Each structure stands twice: as C-alpha cells, then as structure tokens.
Amino acid sequence: MPELPEVETVRRILEPQLAGRTVGTVEVYNEQIIAHPKAELFMALLQGQTIQKISRRGKFLTLHFESGDRLSLHLRMTGQLLVMPKGEPLEKHTHLILSLSDSNQLRYIDVRRFGRFWYFQKGETDTLTGQDALGPEPTDPILAADYLKSKLGRRKKTIKEMLHDQTVVAGIGNIYSDEILFVAGIYPGAKCDALSDADWERLASAIPEVILWGIDADQMTPEEYLRGKGKEYRNAEHLRVYGRAGQPCPACGEALCRKVIGGRSSTYCPNCQKAFPAGAGSLQVKSQGDNQA
DNA sequence: GGCCGCCTGAGC
DNA sequence: GCTCAGGCGGCC
C-alpha cells in the first residue's frame, strides 16, 4: 500500500508505542510472510527482545532491539501494522501478533499477503537496506542533478520506470513518481537518455520537495491512524495528479491523461508534461528503419 | 521490453 | 464476470 511518506507516518506513530517494550509471545498465522529465517527460528529469536527504536529506510521499517538484533519488514501493497490492546477483536487477515510488555499487541494485517518480515541477528548482514540494495533517501543531498544524470542519463528506459528502481532512489512508488514528474514538468514516458540538463535539475529538486510534502500531508494522530486501521492516509485528497485522470490539471486546467507506462497506470498533464517538449526536436530524429509513418 | 506470479477485494 | 490496485521478483 504505502510509499515512503506513508511508511514514515507508520514509523512515527508506532515508535512511541513500541520503544522500551519487550516482546512476549509471538504468534504466526501465516508462515509465508516470514522471509528469513524459518518461521520457527524467527519466533524463537523474537521472543524476549526489547525494542529500542524503529527506523525507516526507503519503504522498509526496522525494529532495533537492545540485543543488537533487528526485525525488518516491508508492507508491500496492503500491509498494515497496528498497536492495540490485547482484547480487541482480530482483523481479518491478521498474520502475525507480537504481545508487548505493556499488555498491548503489535499486529500485522495484510489482505494480499505480499508483505514480508526478516529477522537479522546481531552481526548478521542485512541484505535489504545495504548500499547495493537501496539507493539514497529522497532527501539525501547527494541526489542532485549530476547524480541523476550520471546514473540515468544514458538509460533508454522511461524516467517513470527508473524512479521506481529502489537502487536509484529509495522509497518512490507509483503515486509519488507521478507526483514528482508532474512537479518537475516531465512526461512519465520520456526516455532517460532524452532528458535535458534542465530536466535533471527540476527532477532533482522535485524529488525531495514532493516526498517531504507527502510526509507532512500525512501527519496524523495515533487515534486517526488506528481509526483508519493503518491503511487510510490523509494526503490522498491532496495529491495533484495521481488518481485524477480526466480532472483538470491543477496548474493549467487541461484534462489530466491516464496511460500505462512501464506496466503501471500513470497520470499526467498533456500540456505541462509534454512528451516532445519544444526544443527537443533534434532528439526525435529517427534512423531510417524507424520511420514507418 | 513485456508478461506473469503472488493474493484478495473493490468497483464496475 | 471482468479489471484494477500504492510492490516486487522472475521469466523470456
């Protein structure tokens, strides 16, 4: 379900509810969500661990224990993480419950069961959030135009697809790639090797701007979070283009278009995000074999 | 590059 | 009944 801003919202809500608590019994109702190690060992290792803090890297959350062990997870499409009192009725599709020392429970609910948990013991290499697995955070100063250009400038894939590559930038998914490209004024189907220096500049500044804006717009109280069962976020109504095909562009009023790009539904403004911007004509010269008018 | 699998549910 | 969904890995 969530992208970086939503995962950060979950982290901020849960940290004060989890820090300092010790894990008691561990109940796994569906072993397929446990990616590492085997469910039996996973449960045994987890029991008795005291939670120090929760961090986020890209779309991954990590519970850090005082022992030095860590529990990392990814919510994928429909994962929900909730802290609630032991007596509350179980939501359908609850797959994991950790009882906490304050008589609350940390519950993992996931309709589609795409989400995954990994437990790493102290000293064990984290294969998920290491440097070769995840690129910089969107707010990392390294993410300037020259970084993007040197990393992507020769690629023939679309810029939208490359923004989804977690090794390039961590945390961007289908909503925020559309939002970022709208703010940057770049057509989502533009090939990376056709982007100009000015495009890379606007993209570099749009990435942190839009992500920070998303985190800010997501802010909510723990009560609101629980009421929305951890799946309703506040920013949806503020998104500029995502899910708004047919509606007027917030900048120019033209109807927003929807198109499948890189296999993902994409929404953009045909006027503000031109597929062939003026001045890019020389980039459209095709070799003879391509001309099949 | 595109397609499929993994899953269930919402909306049409 | 069909299509689609905010993710990601794998396959050809």
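Treat the numbers as computed from the prediction; the structure is a model and nothing was measured. In what follows, every chain begins at residue 1, and chains take the letters A, B, ... in the order their sequences are listed.
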Taking only the side-chain nitrogens and oxygens of [X], find out if one of them lies under 4.0 Å from OP1 or OP2 of [N].
X: A:Ser265; N: C:dA5; answer: yes
X: A:Tyr176; N: C:dG6; answer: no
X: A:Arg258; N: C:dC4; answer: no

All N/O pairs under 3.5 Å across the protein-nucleotides 8-12 of chain C interface:
residue : atom : partner : partner atom : Å
C:dC8   : OP1  : A:His74 : NE2          : 2.5
C:dC8   : OP2  : A:Lys59 : NZ           : 2.9

Can a side-chain donor-acceptor contact be found between [Y] and [X] if the only test is distance below 3.5 angstrom?
X: A:Tyr29; Y: A:Glu27; result: yes
X: A:Arg258; Y: A:Ser265; result: yes
X: A:Tyr119; Y: A:Gln49; result: yes
X: A:Gln219; Y: A:Thr9; result: no

Original post:
Which pairs count as side-chain hydrogen bond (donor to acceptor under 3.5 Å, both in side chains) when at least one residue sits in residues 201-211 of chain A, sequence neighbours excluded?
Top reply: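 Counting only pairs at least two positions apart or across chains, the side-chain hydrogen bond (donor to acceptor under 3.5 Å, both in side chains) contacts touching residues 201-211 of chain A are A:Asp199-A:Arg202.
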Original post:
Is there any side-chain hydrogen bond (donor to acceptor under 3.5 Å, both in side chains) pair reaching into residues 35-46 of chain A, and which pairs are they, with sequence neighbours excluded?
Top reply: A:His36-A:Glu124
**OP:** Give the B/S/- string for nucleotides 7-12 of chain B, one per nucleotide from 5' to 3', where a protein heavy atom under 4.0 Å of the base yields B, of only the sugar-phosphate yields S, and otherwise -.
**Re:** BBS---
Subject >> Sub-4.0 Å heavy-atom contacts from residues 126-134 of chain A onto DNA chain C, ordered by number >> reply: none
Original post:
Who are the salt bridge (charged side-chain N to carboxylate O under 4.0 Å, His left out) partners of A:Glu8, not counting sequence neighbours?
Top reply: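 Testing A:Glu8 for salt bridge (charged side-chain N to carboxylate O under 4.0 Å, His left out), a comparison that skips the adjacent residues, returns A:Arg11, A:Arg12, A:Arg56.
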Subject >> Members besides A:Tyr268 in its Ile/Leu/Val/Met/Phe/Trp/Tyr cluster (side-chain heavy atoms under 4.5 Å) >> reply: A:Tyr187, A:Ile261
**OP:** List, by chain and number, the other hydrophobic cluster members for A:Phe60, where Ile, Leu, Val, Met, Phe, Trp and Tyr join if side-chain heavy atoms come within less than 4.5 Å, directly or indirectly.
**Re:**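 Its cluster mates, by chain and number, are A:Trp118, A:Phe120, A:Leu128, A:Leu134.
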Original post:
Mind checking whether A:His74 and A:Lys59 have side chains closer than 4.5 Å, heavy atoms only?
Top reply: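 Answer yes - side chains close enough.
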**OP:** Answer yes or no: is there a side-chain heavy-atom contact under 4.5 Å between A:Leu14 and A:Val83?
**Re:** yes
Show every donor-acceptor pair shorter than 3.5 Å between a side-chain atom in residues 86-95 of chain A and any protein atom, with sequence neighbours excluded, or say none if there are none.
residue : atom : partner  : partner atom : Å
A:Thr94 : OG1  : A:Glu91  : O            : 2.6
A:His95 : NE2  : A:His93  : O            : 3.1
A:His95 : NE2  : A:Asp110 : O            : 2.7

Report, one pair per line, the protein and nucleotides 2-5 of chain B atoms (nitrogen or oxygen only) whose separation is under 3.5 Å.
none

Subject >> Pair assignment for DNA chain B - dot-bracket with | for other-strand partners, Watson-Crick or G-U under 3.5 Å >> reply: ||||||.|||||
Original post:
How far, in whole Å, is C:dC8 from B:dG9 if one measures between their P atoms?
Top reply: 22 Å
**OP:** For A:Glu3 and A:Tyr176, indicate whether the former's side chain and the latter's backbone hold a donor-acceptor pair under 3.5 Å.
**Re:** yes
Subject >> Partners meeting side chain to side chain donor-acceptor pair (under 3.5 Å) with A:Thr25 (sequence neighbours left out) >> reply: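 Side chain to side chain donor-acceptor pair (under 3.5 Å) check on A:Thr25 returns A:Ser99.
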